[in-house]
Amino acid sequence: MAAIPPQEMKKLVGQPLGSSEWVLVDQDMINKFAEATGDHQFIHIDEEKAKLTPFGGTIAHGFLTLSLFPLLMAKSDCPRPDGVKMGVNYGGNKVRFLAPVRSGKRVRGHFKLLELDEKRPGQWQQTLEFSVEIEGEEKPALIAEWISQFFV
């Protein structure tokens, strides 16, 4: 993962930036997310009841999958803007949950730079396309356009 000046990174708009390592989404991670968010729906935490659903077992929360963005980005080979002092989430243009992530599956992120603009001196806003691949499955878990800002 190379650090490059934001002006150089701007030349990568429209191009894939890279992919992450595989990350295991296990029942412990799902249970901790349920505790943190208060979302205790049985399809996430009750393995016996979840076996009776079309999923055949527990699945990760959609928001858990989305929240893996920073972890997957950190474990990626994507270039990073050089000299970042701080970064913040700005929001999303769209998020689509396309397939469930079953407990025990591994996922990895793929990142494409859609936009990068300097909003004011030293403040950059980027829009990334973020997709989450589920190992061994054709359909991605999600596709999102995520906006963040970083300050250099």
Query raised in the report: Is there a donor in the side chain of Gln123 and an acceptor in the side chain of Gln149, or the other way round, less than 3.5 Å apart?
Result: yes
Answer yes if [X] and [Y] sit in the same cluster of Ile, Leu, Val, Met, Phe, Trp and Tyr residues linked by side chain heavy atoms under 4.5 Å apart, and no otherwise.
X	Y	answer
Leu113	Phe130	yes
Ile43	Ile30	no
Leu98	Leu66	no
Leu142	Leu114	no
Ile143	Val132	no

With a 4.5 Å cut-off on side-chain heavy atoms, are [Y] and [X] touching?
X	Y	answer
Ile134	Arg108	no
Leu116	Trp124	yes
Val25	Leu68	yes
Phe42	Thr53	yes
His44	Asp39	yes
Leu128	Gln126	yes
Asp46	Thr58	no
Lys112	Leu17	no

[X] atom [atom1]: more than 12 heavy-atom contacts under 6.0 Å:
X	atom1	result
Phe151	CZ	yes
Lys10	NZ	yes
Gln15	CD	yes

If you measure from [atom1] on [X] to [atom2] on [Y], what distance do you get to the nearest 0.5 Å?
X	Y	atom1	atom2	value
Met73	Ser148	CE	OG	7.5 Å
His61	Met29	NE2	CE	12.5 Å
Glu133	Glu138	CD	CD	11.0 Å
Phe63	Phe33	CZ	CZ	8.0 Å
Glu115	Glu129	CD	CD	12.0 Å

Report summary line: side chain to side chain contact (heavy atoms under 4.5 Å, CB included) filter on Lys51, not counting sequence neighbours, yields Glu48
Requested in this report: Output all residues satisfying side chain to side chain contact (heavy atoms under 4.5 Å, CB included) with Leu52, sequence neighbours left out; order by chain, then residue number.
Outcome: none
Query raised in the report: Do Phe97 and Val95 pass the side-chain contact (heavy atoms from CB on, under 4.5 Å) test, and can you show the C-alpha distance, the side-chain angles, and the key distance before you say yes or no?
Result: CA-CA 7 Å; Phe97 300 104; Val95 176; 3.8 Å; yes
Query raised in the report: Please walk me through it: do Leu24 and Trp22 pass side-chain contact (heavy atoms from CB on, under 4.5 Å)?
Result: CA-CA 7 Å; Leu24 176 66; Trp22 290 102; over 6 Å; no
Requested in this report: List the steps and the verdict of ring pair (Phe, Tyr, Trp, His ring centres under 6.0 Å) for Phe69 and Phe111.
Outcome: CA-CA 10 Å; Phe69 178 90; Phe111 304 90; 5.8 Å; yes
Does the [X] side chain pair with the main chain of [Y], one donor and one acceptor, at a distance under 3.5 Å?
X	Y	value
Asp77	Ser19	yes
Ser20	Gly109	yes
Ser103	Gln27	yes

Query raised in the report: Yes or no on side-chain contact (heavy atoms from CB on, under 4.5 Å) for Leu72 and Val23, after CA distance, side-chain angles and deciding distance?
Result: CA-CA 8 Å; Leu72 295 174; Val23 170; 3.5 Å; yes
Requested in this report: Could you tell me which non-hydrogen atom of His40 sits nearest to which non-hydrogen atom of Ile45, and how far apart they are?
Outcome: O-CD1, 3.3 Å
Query raised in the report: Hey, are Asp26 and Lys105 close enough for a salt bridge, meaning a charged N less than 4.0 Å from a carboxylate O?
Result: no
Report task. Inspect the contact between Glu35 and Lys32 and indicate whether a charged nitrogen and a carboxylate oxygen are less than 4.0 angstrom apart. Result -> no
Report task. Walk me through it: do His110 and Ser131 pass the test side chain to side chain donor-acceptor pair (under 3.5 Å)? Result -> CA-CA 5 Å; His110 300 284; Ser131 63; 5.3 Å; no
Query raised in the report: Which pairs count as salt bridge (charged side-chain N to carboxylate O under 4.0 Å, His left out) when at least one residue sits in residues 83-100, sequence neighbours excluded?
Result: Lys94-Glu145
Requested in this report: Quick one: do Asn93 and Thr127 satisfy side-chain contact (heavy atoms from CB on, under 4.5 Å)? Show the steps, please.
Outcome: CA-CA 9 Å; Asn93 288 333; Thr127 304; 4.0 Å; yes
